[in-house]
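Any value given below was found using the heavy atoms of this structure, including those in side chains, with hydrogens, waters and symmetry copies removed. Just so it is clear, the structure is predicted and the values come from calculations on it, not from any experiment. Numbering of residues begins at 1 and proceeds along the displayed sequence.
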Amino acid sequence: LSQEIGVLFNPNDPANRVYPPQRILDDVLALINDESLRGIWEQDETIGWVYQYFTPKELRDKARKESQAPRNSYELAFRNQFFTPRYVVEFLTDNTLGRIWYEMRQGKTKLADRCRYLVRRPNEVFLAKGQQPPAAAEPEKELSQEELLRQPVHIPFRAKKDPRELRILDPACGSGHFLLYCFDLLLVIYEEAYDAPELGAALRKDYPSLEDLRKAIPGLILRHNLHGIDIDLRATQIAALALWLRCLRAYQAMNLKNGQRPPITRSNIVCAEPMP
């Protein structure tokens, strides 16, 4: 684990040299594996939600009472730690990463149905390279909102990119909620790029079959696409762990065992410079 998620399982971290007795480990595992909690461990964001409420309310109230402003990076983290609800994550990601790929593919993508909050107009016209939208004519009468929505909308040409060139940065990533949802969209993007005439050649050169690419995609996403920064070291550790677990779930869906899956060799989650 330390080779794949060094930020969390670094053997040189003093905290990792304090190992609890087996009896304590057994008690903790029994609590985690309680039948009533079975459903929540299937959710990628669960560890992050646990961490948000890890700091007691009494400690937050005490810190706010003693000082109006955070006095160090630790206080700054837990006093301002509000993880984004899932529907907000989906809305913002659908209309950034999802929208970019949607325009690159001129609407011919599974993300059109996959991104349920993607904002689209009924009559979108995708322009070809170098093509300019026609001059807008003055309407003869004032149009209603419904009539305005039915007007053609010209989408500027967006050149296609190799998915390995797409960069997503969350500058206050917390435990990685945005990055986890981006991971889901990127799984679709990579597979669609493999079949695209303009992009597939470069991918097929490195991955002769679609199965080869599928095995590589989780590692490619962490290496090339997802970047996160946070001031809270523990939050960045949880984000790295959550993304690594998301990779394992992707491998599990492919029926790959530990010895068959490619190792995760890099992720781009960093802790920011703390306050002076």
Side-chain angles (χ1 to χ4, degrees), residues 43-45 82-174 176-200 202-203 210 213-214 217-218 220-221 224-228 243 246 249-250 253:
Q43 307 301 317
D44 296 322
E45 299 96 339
F82 303 102
F83 294 164
T84 313
R86 176 71 178 198
Y87 78 94
V88 178
V89 168
E90 290 188 24
F91 177 83
L92 294 176
T93 307
D94 288 353
N95 292 288
T96 49
L97 174 61
R99 182 75 199 185
I100 286 169
W101 188 250
Y102 174 81
E103 291 181 2
M104 285 181 181
R105 298 273 295 181
Q106 298 197 332
K108 298 173 183 176
T109 170
K110 293 177 182 176
L111 294 189
D113 298 319
R114 173 73 172 74
C115 297
R116 56 179 176 165
Y117 294 111
L118 179 64
V119 176
R120 291 186 286 166
R121 298 286 283 274
N123 296 311
E124 292 180 333
V125 179
F126 294 95
L127 300 177
K129 187 176 183 179
Q131 185 181 7
Q132 297 298 319
E138 288 292 329
E140 297 179 0
K141 61 173 184 175
E142 187 173 346
L143 300 176
S144 67
Q145 185 175 15
E146 186 176 343
E147 289 171 325
L148 284 170
L149 286 172
R150 288 202 300 266
Q151 295 297 302
V153 177
H154 293 86
I155 310 298
F157 175 78
R158 190 186 285 274
K160 294 180 175 65
K161 275 188 176 182
D162 186 309
R164 290 170 290 189
E165 296 176 15
L166 297 174
R167 300 283 184 269
I168 296 100
L169 169 65
D170 186 343
C173 69
H177 289 193
F178 276 98
L179 301 178
L180 285 163
Y181 183 57
C182 287
F183 188 104
D184 293 345
L185 301 192
L186 286 161
L187 289 175
V188 176
I189 288 171
Y190 269 93
E191 289 204 20
E192 289 187 343
Y194 194 79
D195 293 327
E198 306 92 329
L199 303 174
L203 286 170
L210 182 57
L213 176 67
R214 282 175 175 157
I217 287 175
L220 291 174
I221 291 174
H224 295 290
N225 304 116
L226 302 182
H227 300 73
L243 286 168
R246 181 64 186 85
R249 186 149 68 84

Leu180 and Leu243, any side-chain heavy atoms less than 4.5 Å apart: yes

Leu226 and Cys182, any side-chain heavy atoms less than 4.5 Å apart: yes

By side chain to side chain contact (heavy atoms under 4.5 Å, CB included) - contacts of Lys160 (at least two apart): Met104, Glu198, Leu199

Atom pair CG (Leu213) and CG (Leu220), whose distance is rounded to the nearest 0.5 Å: 7.0 Å

Student check: side-chain heavy atoms of Arg86 and His177 closer than 4.5 Å: no

Student check: side-chain heavy atoms of Pro163 and Ile217 closer than 4.5 Å: no

Straight-line distance of Ile100 CD1 to Leu185 CG, nearest 0.5 Å: 11.5 Å

Spacing of NZ belonging to Lys161 relative to CD1 belonging to Ile189, to within rounding of 0.5 Å: 12.0 Å

From Gln132 atom CD to Leu127 atom CG, the distance as rounded to the nearest 0.5 Å: 8.0 Å

4.5 Å side-chain heavy-atom contact, Arg114 and Asp94: no

Pairwise side-chain contact, Glu90 with Tyr181, heavy-atom cut-off 4.5 Å (strictly under): yes

Arg164 side, atom CZ; Asp162 side, atom CG - distance, nearest 0.5 Å: 4.0 Å

Results of ring pair (Phe, Tyr, Trp, His ring centres under 6.0 Å) for Tyr102 - residues two or more places apart only: Phe126

Contacts of type side chain to side chain contact (heavy atoms under 4.5 Å, CB included), residue Val188, not counting sequence neighbours: Lys110, Leu111, Glu192

Closest non-hydrogen atom pair between Ala112 and Gly107, with its separation: CB-O, 4.2 Å

Contact check, side chains of Tyr190 and Arg214, non-hydrogen atoms, under 4.5 Å: no

Worked check of side chain to side chain contact (heavy atoms under 4.5 Å, CB included) between Asn225 and Leu179: CA-CA 9 Å; Asn225 304 116; Leu179 301 178; over 6 Å; no

Partner residues of Tyr194 under the ring pair (Phe, Tyr, Trp, His ring centres under 6.0 Å) criterion, sequence neighbours left out: none

Backbone N/O of Val119 and side chain of Arg99: donor-acceptor pair under 3.5 Å: yes

Interatomic distance, Leu186 atom CG to Leu97 atom CG [nearest 0.5 angstrom]: 5.0 Å

Pairing residues for Arg249 by the side chain to side chain contact (heavy atoms under 4.5 Å, CB included) criterion, not counting sequence neighbours: Asp44, Arg246

Side chain to side chain contact (heavy atoms under 4.5 Å, CB included) against Arg167, all qualifying residues, sequence neighbours excluded: His224, His227

Which atom of His154 lies closest to which atom of Pro156, heavy atoms considered: O-CD, 3.5 Å

Flag, side chain of Asp170 to backbone of Gly228, donor-acceptor distance under 3.5 Å: no

Main-chain N/O of Tyr117 paired to Asn95 side chain as donor or acceptor, under 3.5 Å: yes

